[in-house]
Amino acid sequence: MMDEEPHNSTGGQQGWFAARNESSSSLDLESVVRPVALNPWDVAFCISGTIISCENAIVVVVIFYTPAFRAPMFLLIGSLATADLLAGLGLILHFAFVYFIPSEAVSLLTMGLLVTSFTASVSSLLTITIDRYLSLYNALTYYSERTVTRTYIMLILTWGASICYGLLPIMGWNCLKDHSTCSIVKPLTKNHLIILSVSFFMIFAVMLQLYVQICKIVCRHAQQIAVQRHFLASSHYVTTRKGIATLAVILGTFASCWLPFAIYCLLGDYSYPALYTYMTLLPATYNSMINPVIYAFRNQEIQKVLWTVCCGCFSSTMPFRSRSPSDV
C-alpha cells in the first residue's frame with residue numbers, strides 16, 4: 001500500500017496516514033502490507049489516544065461503580081466517556097496494527113471502531129445539550145420517569161446510528177477497490193465522509209440553537225432571582241455573565257476542535273497533501289481529551305468520589321445531591 005519514498009507533505013517517512021501512491025496523498029487508514037518507517041504524526045495520534053483512554057476510563061469506572069450515579073445526566077456523561085474511551089483505544093489499536101500487525105481486515109475493523117466512537121462522542125454531546133435544555137425548560141417535570149425513558153431512547157438512537165455508520169466500511173462501502181472514490185481519510189469513500197460531515201453540521205446547528213435558548217432561560221432565571229431576593233444589579237450581571245461564559249466555553253471548544261476537520265472533509269480531495277488532514281484531524285481528537293474536564297471532572301459529585309479514591313477525604317457512603325444538568 002505504501003511507497004518507500006518519504007511523504008513530502010509531512011517531511012517524514014510514510015506511515016499510518018500516508019498516501020497510497022504518489023498521486024494520492026490523502027489520509028490513509030488502510031492496512032499496510034510491509035513494515036513502514038515511523039511517522040511522527042502517527043506517534044502524536046497514539047499519544048493523544050493514550051491520554052484520551054486514561055481520562056475517560058476514570059470517568060467510566062467512577063460512574064459505573066458508584067450506585068448514586070444512576071440519574072439521567074450521569075448516564076449521558078457515561079455515554080460520552082464510553083464513546084471517547086473507545087475513540088482513544090481505536091487510535092492506539094490502529095497505530096499498533098498498522099506498524100506491528102498489518103492487515104486490511106483488521107484495519108477496516110479499527111476504522112469502523114473510530115467512526116463509531118467519534119460519531120457516538122459527537123452525538124452524546126448533543127444528547128447532553130438536549131438534556132440540559134429540557135432540565136431548564138421543563139424544570140418541574142424533569143425529575144420524573146418520563147425523563148429516564150427519554151434518556152434511554154436517546155442513548156439507543158445515539159449508539160444505534162453510530163454503530164450503523166461504523167459498519168458501513170466493514171460491510172463494503174470503502175474505496176479499497178476503487179481509489180478514485182476515496183476521501184481524504186482512506187478507506188472511507190468521499191460520499192461516506194460527506195454524510196458524516198453533514199451530520200456533524202446538523203448536530204452543531206441544533207446544539208447552537210439549544211445553547212442560545214439555554215442562555216435566554218439562564219438570563220431570565222437570574223433576573224427573577226435577583227428581583228425576588230433583592231440582589232444588586234451587579235450580582236445579577238455577574239451571575240448571568242458566568243453562565244454565558246460557561247456555555248461559550250463548551251460550544252467554543254467543540255467548534256474549534258471539530259469544525260476545521262468537518263469543513264476540510266467537504267472541500268478536500270483524496271489527492272490533497274496528507275499534511276492538511278493531519279493538521280485538521282489531530283485537533284478533533286483533542287475534543288475527546290477535553291470532554292472529561294468539561295462534563296465530568298467539573299461535577300462536584302464526581303469530584304467527591306475521586307477524592308475518596310485518592311485520599312479518603314470523603315465517606316464513600318455519603319449522600320449525593322442530584323444536581324441539574326445545567327450545573328454540570
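Throughout, numbering of the chain's residues begins at 1 and tracks the sequence.
- For the pair S162 (side chain) and A120 (backbone), a donor-acceptor distance under 3.5 Å is present.
- I47 and F95 fall within a single hydrophobic cluster, where Ile, Leu, Val, Met, Phe, Trp and Tyr are joined by side-chain heavy atoms under 4.5 Å apart, directly or via other members.
- Counting heavy atoms from C-beta outward, T110 and V98 have side chains that stay 4.5 Å or more apart.
- Within the model, atoms CG of L168 and CG of L108 stand 12.0 Å from one another, a figure rounded to the nearest 0.5 Å.
- One distance of note links CD1 of I163 with CG of L113; it measures 10.5 Å at 0.5 Å rounding.
- Hydrophobic cluster membership differs between I153 and V206, with clusters built from Ile, Leu, Val, Met, Phe, Trp and Tyr side chains linked at under 4.5 angstrom.
- Listed here is the closest heavy atom pair of I203 and S123: CD1-OG, 4.0 Å.
- Between I130 and M154, the shortest heavy-atom distance links the atoms CG2-SD, 4.0 Å.
- Here the shortest heavy-atom pairing between M111 and H94 reads N-CD2, 4.0 Å.
- Proximity of L109 to F97: side-chain heavy atoms (C-beta onward) are nowhere separated by under 4.5 Å.
- Considering every non-hydrogen atom in both C265 and I184, the closest pair reads CA-CD1, 3.9 Å.
- Between W41 and T277 the shortest side-chain heavy-atom distance does not fall below 4.5 Å.
- V115 and T119 make their closest contact through O-OG1, 2.6 Å (heavy atoms, listed as atom of the first residue, atom of the second, distance).
- Under the rule for a side-chain hydrogen bond (donor to acceptor under 3.5 Å, both in side chains), the partners of S199 that lie at least two apart in sequence or sit in another chain are Y165.
- Remark: the T285 side chain and the S48 side chain contain an N/O donor-acceptor pair separated by less than 3.5 Å.
- The shortest side-chain heavy-atom distance between L281 and F45 falls under the 4.5 Å cut-off.
- Criterion: ILVMFWY side-chain heavy atoms under 4.5 Å apart, direct or through other members. Under it, V148 and Y133 are part of a common hydrophobic cluster.
- Counting heavy atoms from C-beta on, the side chains of V122 and F254 come closer than 4.5 Å.
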Please list every donor-acceptor pair under 3.5 Å in which a side-chain atom of residues 69-92 meets a protein atom from a residue at least two apart or in another chain.
residue: R70; atom: NH1; partner: I63; partner atom: O; Å: 2.9
residue: R70; atom: NH1; partner: T66; partner atom: O; Å: 2.9
residue: R70; atom: NH2; partner: F64; partner atom: O; Å: 2.9
residue: S79; atom: OG; partner: S124; partner atom: OG; Å: 3.1
residue: S79; atom: OG; partner: W159; partner atom: NE1; Å: 2.9
residue: T82; atom: OG1; partner: G78; partner atom: O; Å: 2.8
residue: D84; atom: OD1; partner: S121; partner atom: OG; Å: 2.6
residue: D84; atom: OD1; partner: S288; partner atom: OG; Å: 2.8
residue: D84; atom: OD2; partner: N291; partner atom: ND2; Å: 3.1

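- Formation of a donor-acceptor pair under 3.5 Å by the K190 side chain with backbone atoms of G268 is found in this model.
- I58 places a side-chain heavy atom less than 4.5 Å from the side chain of L306.
- Ring geometry for F204 against F200 counts as parallel: the plane angle stays under 30°, on a 0 to 90° scale with 60° as the upper cut.
- The side-chain heavy atoms of R150 and D131, taken from C-beta on, include a pair separated by under 4.5 Å.
- Going from atom CG of L176 over to atom SG of C182 covers 7.5 Å, rounded to the nearest 0.5 Å.
- Panel note: side chain T280, backbone P260; no donor-acceptor pair is recorded below 3.5 Å.
- In this structure, the separation between CD1 on I250 and CE on M207 is 8.5 Å, given to the nearest 0.5 Å.
- Considering SG of C175 and CG of N191, their distance stands at 11.0 Å, rounded to 0.5 Å.
- Between atom CG of residue L114 and atom CG of residue L188 there is a gap of 9.5 Å, rounded to the nearest 0.5 Å.
- For the pair H192/P169, a side-chain contact is recorded, criterion being any heavy-atom separation below 4.5 Å from C-beta on.
- In this view, T189 and W173 satisfy the side-chain hydrogen bond (donor to acceptor under 3.5 Å, both in side chains) rule, not counting sequence neighbours.
- Remark: side-chain polar atoms of R298 are paired, donor with acceptor, to backbone N or O of I294 under 3.5 angstrom.
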